[in-house]
Novice: 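Before I ask anything, let me first share the structure, which is written out below as C-alpha cells.
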Amino acid sequence: MQIKTKQPIFLISTIVAIACFRILLAFQGFDLAEEGLALTFYQQIFNDPQSVEYSFLYWLSGIVGGIWLKLFPNAGLFSFRILAILVQISSLILMIAIFRKRLPDWILAVSCMVLTLIFDFGVIAFEHHQLTLVLGLAAFYFLIKGIERNQRWALFFSGFLLAVNVFSRLPNLTLWVWILLIPLFSMDRKKTWQQIGWICMGLVIGVLAVFLTMLALGHIDFFINSIFMTLEIADHPENPHSFVQLSHVFIRNYESIGLFGVILIGLGGVMFLLLRYFDNRKWIKFLISFTFFAIFWLWMNGKPYVFWLYAVCFLAQALLFWKTDDKNLRRLILGSILMMVLLPLGSDWGVGDMGLYSIWLAIPLTLWWGFSYIVPPPIFNQTKHWLFVSIWSVFCVLQLIDIVNQAYFDKESRFHKRYTIQHPIANYVFTTEFRAALTNQLISALNGHISPNDFVLTFEDIPMVHAITQSRPFLHSPLPAHDSATFAKQLARAEQTRSLPIVVQQHDIYTYNPGRVAAFNAFLEKYDYKTVWTNGYFSILIVE
C-alpha cells in the first residue's frame with residue numbers, strides 16, 4: 001500500500017530538531033577508550049598505517065576519518081562528533097526515503113525520534129558502526145528501488161554499496177543475503193536472474209574498486225595482516241572476539257530477547273484484558289494504564305533495553321508479515337528481520353552493541369503496526385493503542401533520563417559536565433570536574449615526555465593518549481589484545497620491529513584478563529621500566 005504525503009515540512013522540521021538536539025549532546029563527555037581508538041586510527045592511517053594495522057578491519061571508516069582530518073587538520077573530538085551527526089542524519093533521511101510512500105509522515109517522524117533516543121549515551125565520534133548503518137540503508141534503498149521499478153543502475157549501485165560496506169566492518173558481508181529478496185518474491189525467472197546479475201556486477205566492481213584503492217595507498221598488506229590477526233584471535237576462547245565467545249554471546253542474546261518477549265507479552269496481556277473489561281470507563285482505563293506504566297518503568301529501569309526492543313520488533317514484524325498480502329511490504333519486513341539477525345554477528349556484545357544499528361528498518365514497521373489505522377481492518381483498536389502508547393512512553397522517558405545522566409563512557413549528570421580539558425583535541429568538549437582534573441594532569445605530564453611519532457604502549461584501554469600526543473601505537477594496534485596469548489605475541493613482534501616505547505598505564509579500570517596483566521608486568525620488568533610520573537590513576541614509565 002502506498003501513501004500520499006502532503007507535509008514534507010513536518011519531516012524536515014523533525015530532522016532539523018534532531019540535529020540540533022544531537023549537536024547539543026556533542027558538547028559533553030570525554031572518553032579515553034573507543035573515541036581514542038577511532039581518532040588514533042584516523043591520525044595514523046596515512047602517516048604510519050602499520051602502527052594501526054589491526055584497525056584495518058575497519059579500513060573504510062579509517063579512510064573517511066583520515067580524509068576528514070586532511071580536510072580539517074585541526075579537527076578534534078568535537079569535529080568528529082559533528083561528522084558522526086552528519087552520517088546519522090543521513091541515515092534518518094535514508095530510512096524516510098525507504099518508507100515514505102508506505103508509511104504516514106507522522107509515523108516516520110516518531111520513528112526518527114525513537115531512533116535518536118535509543119542512543120542513551122548521547123553522541124560519540126564518527127566510527128565504523130555509523131558508516132555501516134548509512135551504507136547499509138543506502139544499499140537497501142537502491143535494492144528496493146531497483147527491484148520494484150526494475151532499474152538496473154539502482155541494482156548495480158546497491159551491489160556496489162554492499163561490497164564497499166564490507167570494508168567498513170567485515171561482518172557486514174552478512175547483508176549480502178538481501179540478494180535473496182529478489183527470487184523469494186518474484187515469479188518471473190528471467191527478470192529475477194537479470195536483477196541478480198546486476199547486483200552481482202555491482203559487488204564485483206565494488207570489491208575491485210576497494211582493492212585498487214588499497215593498492216594505490218599501499219594498504220593491502222596491512223589489511224590482509226589484520227584478517228590473519230582476526231583469524232588467530234578466533235582460536236583463543238578467552239578472547240571476546242573468538243568463535244566460542246561470539247557463539248555464547250549469540251545464544252545469551254536470544255535467551256534475553258525471548259525472556260523479555262515472554263514478560264512483555266504477559267504484562268501486556270493482563271493490561272489488555274483489564275482495559276477491555278473497563279472499556280467504557282475512561283478514568284479506570286487511565287488508572288490501569290498508569291499502573292502498567294509504573295510497573296513497566298520499575299521493571300525496565302536499568303535493564304538492557306535493546307533486548308526488549310528486539311522482542312517487540314520481532315513480534316510486530318511477524319504479525320505484520322502474516323497480516324499483509326502485499327509482497328513489496330513483505331520484502332521490506334523480511335529485509336528488516338535479516339538485518340536484525342545478521343548484522344550483530346561478529347560483535348563482541350552482539351545485539352547489545354550492533355543491535356542499536358540493526359533496528360533502523362524495524363522501528364518504523366513496528367510503530368506502524370502499533371499505531372496504524374490505514375490497514376483494513378485496523379491492526380489495533382483503541383484499547384490496544386492504550387497499551388502501545390504506554391510502552392513507548394516509558395521507553396522515551398527512560399531514555400531521556402539516561403541521556404541526561406551520562407555521556408559515552410563518562411557517567412554522571414550532564415549538569416555536572418561543565419569543565420574543560422586543556423588540549424586542542426578536546427576543544428568545545430566538557431566533562432566533570434574530577435575527570436577534567438585527572439586528564440589535565442595527564443596531558444601536562446605527557447607533554448614533558450612524549451613527542452609526535454614516538455612509539456607508545458598504552459595499557460589497558462586508553463588509546464586517547466595516542467590521539468592527544470600524536471604518537472604511534474607500539475603494538476601495531478591502539479588497543480592491546482584482550483587475551484593473554486595474542487597480547488604476548490603483540491609484544492614479541494613489536495620488540496623485534498620497534499624501538500622500546502614510552503608506557504602510559506591506567507590503574508583504576510576493570511582488568512579483562514589477569515594473564516594479560518602478567519604479560520604486561522613481565523615486559524616492564526624485562527626492560528627495567530621506571531615510573532617517572534603518576535597521579536594514582538595514570539602513570540608514565542620509561543626505560544632509563
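Just so it is clear, the model here is predicted, and its values are computed rather than measured.
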Novice: Between His423 and Asn440, is the side chain to side chain donor-acceptor pair (under 3.5 Å) condition met? List the steps.
Specialist: CA-CA 8 Å; His423 192 278; Asn440 285 330; over 6 Å; no
Novice: Can you list the residues that meet the salt bridge (Lys or Arg N to Asp or Glu O under 4.0 Å) rule with Arg435, with sequence neighbours excluded?
Specialist: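 Checked Arg435 against salt bridge (Lys or Arg N to Asp or Glu O under 4.0 Å); matches are Asp410.
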Novice: Who passes salt bridge (Lys or Arg N to Asp or Glu O under 4.0 Å) against Arg81, sequence neighbours left out?
Specialist: Glu35
Novice: Glu148 versus Ile144: any side-chain heavy-atom pair under 4.5 Å?
Specialist: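 Yes, at least one pair of side-chain atoms sits under 4.5 Å.
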Novice: Taking Arg418 for the side chain and Phe415 for the main chain, is one N or O donor matched with an acceptor at less than 3.5 Å?
Specialist: yes
Novice: Mind checking side chain to side chain donor-acceptor pair (under 3.5 Å) for Gln43 and listing every partner two or more places apart, or none if nothing turns up?
Specialist: none
Novice: My understanding is that only one of Phe160, Trp153, Trp198 makes a ring pair (Phe, Tyr, Trp, His ring centres under 6.0 Å) with Phe142; could you say which?
Specialist: Trp153
Novice: Among residues at least two apart in sequence or on other chains, which ones pass side-chain contact (heavy atoms from CB on, under 4.5 Å) with Val341?
Specialist: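 For Val341 the side-chain contact (heavy atoms from CB on, under 4.5 Å) partners, ignoring immediate neighbours, are Tyr254, Phe314, Ile337.
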Novice: Who pairs with Phe223 by ring pair (Phe, Tyr, Trp, His ring centres under 6.0 Å), at least two apart in sequence or on another chain?
Specialist: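 Phe223 satisfies ring pair (Phe, Tyr, Trp, His ring centres under 6.0 Å) with Phe167 only.
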Novice: Work out which heavy atom in Trp178 is nearest to a heavy atom in Gly335; give both atom names and the distance.
Specialist: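 Scanning both residues completely, I find the closest heavy atoms to be NE1-O, 3.0 Å.
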Novice: Do Trp360 and Ile98 have side chains that approach each other closer than 4.5 Å (heavy atoms only, starting at C-beta)?
Specialist: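 A side-chain contact under 4.5 Å is absent here.
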Novice: Less than 6.0 angstrom separating the ring centers of Phe409 and Phe121, yes or no?
Specialist: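 Here the rings of Phe121 and Phe409 have centres that are no less than 6.0 Å from each other.
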Novice: To the nearest 0.5 angstrom, please state how far the CG atom of Leu367 sits from the CE atom of Met113.
Specialist: 9.5 Å
Novice: How about Leu343 and Met340: do any of their side-chain heavy atoms sit closer than 4.5 Å?
Specialist: no
Novice: Anything under 3.5 Å between a donor and an acceptor, one on a side chain of residues 60-78, the other on a protein residue two or more places apart or in another chain? List them.
Specialist:
residue, atom, partner, partner atom, Å
Ser61, OG, Tyr58, O, 2.6
Trp68, NE1, Ser79, OG, 2.8

Novice: With a 4.5 Å heavy-atom cut-off, do Leu32 and Asp461 have their side chains touching?
Specialist: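 When only atoms from C-beta onward are counted, Asp461 and Leu32 do not touch, as no gap falls below 4.5 Å.
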